[in-house]
Structure formats: C-alpha cells, structure tokens
Amino acid sequence: MADFLSAYSIQNWLESCPQAYLEGTEYGHLPGEKEPEDLIANPVLREDAIRSTVQLVVGEKCALAASSGLINAAPDEASKCFLATQTLDEARHIEVFTQRLLDLGVPKRDLDETIRTYANPNLVKFAEVLLEKVDRKDFVAGVVGQNIVLEGLAFSVFEMLKAVSDEMNPKFAHTLSGTIADERRHVGFGENRIGSLIKQHPERKSEIERMQKEMSYYMLATFADAFRNNPARQQIEHVKAGMRDSGVRADYHGANLAELSPEQMESVLADTVLKEFKIRLGRIGIEYQTPAHP
Ligand SMILES: [Fe+2]
Ligand SMILES: [Fe+2]
C-alpha cells in the first residue's frame, strides 16, 4: 500500500506532470506552435479535424464526469486524492482539445453547437453506459469502465493520432503527448487499485463483464464511422499518398499508417485496443468478453 500511496499521490502528480512534461507548455504544446496552414486552408480536411477533435472533447467530458463522480464513491483516501488529480487532468484535456477547435477556426459562440453536431452517437452511448455506473456510485464498475475501458481506448486513439501528426502537425502531436502521459497514469491506477477490490467482490464480475462488452461494441461502432464511413476519406487518402511520396512514415504498432487503407487502419486500432483490454482485464481477474462486430 505504501508504494500505491506514493505512486498515486498529489505530490507525485505535481512532480511528474505540471512540474515536468507540462512545464513551459501552452494548451499542451510549445508556445507559438500553430495548426498547419494547408490544413486550415482545406475545407474538407479542416472539417475532418474538427469532427475528430469533437470526439476527443466528448470522450474527455465523459472522463471528467466519471473521475469527479467517483471521488465520493471511493472507499479510501488515497483513491480520492488520485481521482482529484485525475479530475484536473481530464478538465485540462477538455480545455486543450476545445482550444484546438478554436485554433481550427470554430467561433467561440459556435462551440456547443459544433460539439452537438459532430458528436458521434455511438460514442455518446459508450459514455452513457459508463456514467450510469458512476451515477449509482458503483466504484468498482466505474473504475473498470473509466480507467481500463475508456482510458485504454483514449490511450490507443491518441497514440494513433500522434503517429499521424508527428511530422505533419507537431503542435497537435505535442498536445497529444502530454495527454498520453496522463492517460498512462490513469490506466495504471485502474489496474492497481481495482484488482484487490474485484477479489473481495467476485459476485460483481458478471455485471462488469457485460458493461465491458457493451462499451466495446459502441467503441467499435465509433471506429467504423471514423474510418469506413468518413466523408473526408478521399482527401485523407490524398494526404497519405503525399506522405508516401515524400517518405514520411507514421509508425504505429509495427505498421506504417501512411500505407494502410482506412479499413486496415480501423482493424489495427481495434485489435490494439481490444488486445490491451484483454491483458488489463485479465490482470484484475475479469474475463474479457468479445463484443458484436458492428
Ligand atoms: Fe483524458
Ligand atoms: Fe484519463
């Protein structure tokens, strides 16, 4: 427990996050960095960037509601303190991704409307499954749904976006690298804290397994919309062709994303996230349930 206390303490959070990788940043990136001009100038790609950033905002709003809601459900002080740090991380994530919407040219007065318009209905359902557990103050299911399922998803999506952005959009890649470091800490907490609670409450397992299966289904349906049914598909393929021509790589789990079709990218992402779920759930004694294929 001593290690657990120091690893997830506020002191550790201060030293490893605000006083370390976020030091000197502005909305998560280096001061003065901007979105690339050719992205801003291309209406189809700009709309695609707005649409995908809205999904990040929607996911982070769910994470903020879940992490703050779970504070009062947590059975011990160390978990409450950790969740308080996570609450600030998630609020920051909302802020940096909302700032990106403004940087992409969304007028401030249109923010809410833009988020409503582009929010993927499957992602909204994904969030509702989790927030229903949080509303019932169900700490065990809430932590599994948030710190393993939601954050496992966020982590892998951010890594994929970062791989594509490293060369093409350093500003966005820098914003993502800070959020990835945060999500890594959140996922670690979920695994470390919840394993012992599951052991104490084996009767909760089947309900949690059902939740994971349901959330995973909505996640896969969101991926299908983002890759297979993306209205900007042609323009994105054009960008990838440009990357290949100029030798720009986007390495992600052994693949060069610039060389993959949207369907192949979707399956690499889905396989990566589901494999992670299986490993992490296995470690806490939950049996991974294969979701239906959307
Ligand atoms: Fe987050
Ligand atoms: Fe998180």
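Every number for a ligand or one of its atoms is a count from 1 in the order of the listing.
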- [ ] Write down the atom of Glu151, the atom of Gln86, and the distance for their closest heavy-atom approach.
- [x]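 Closest approach of Glu151 to Gln86: OE2-NE2, 2.6 Å.
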- Item | Enclosure of Lys61 NZ (heavy-atom neighbours >12, cutoff 6.0 Å) |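 No - once you tally the heavy atoms of other residues, nucleotides and ligands closer than 6.0 Å, there are 12 at most.
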| request: Give a yes or no on this: more than 12 heavy atoms of other residues, nucleotides or ligands lie within 6.0 Å of atom CD of Glu37. | output: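 No, the 6.0 Å shell around CD holds no more than 12 heavy atoms from other groups.
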Which protein N, O or S atoms does the Fe ion (ligand 2) have within a distance shorter than 2.8 Å?
->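 Metal shell, protein only: Glu90 OE2, Glu151 OE1, Glu183 OE1, His186 ND1.
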Checklist entry - Can Asp48 and Arg51 be counted as an ion pair, charged N to O under 4.0 angstrom? => result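 Yes, charged N to carboxylate O under 4.0 Å.
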Open item on the list: Can you tell me how the ring of Phe97 sits relative to the ring of Phe158, calling it parallel under 30°, perpendicular over 60° and tilted otherwise?
Closed with: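 Phe97 and Phe158: tilted rings.
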Handout entry: Single hit among Leu150, Thr222, Asn120 for side-chain contact (heavy atoms from CB on, under 4.5 Å) with Phe126
Key =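 Exactly one option meets the side-chain contact (heavy atoms from CB on, under 4.5 Å) with Phe126, and it is Leu150.
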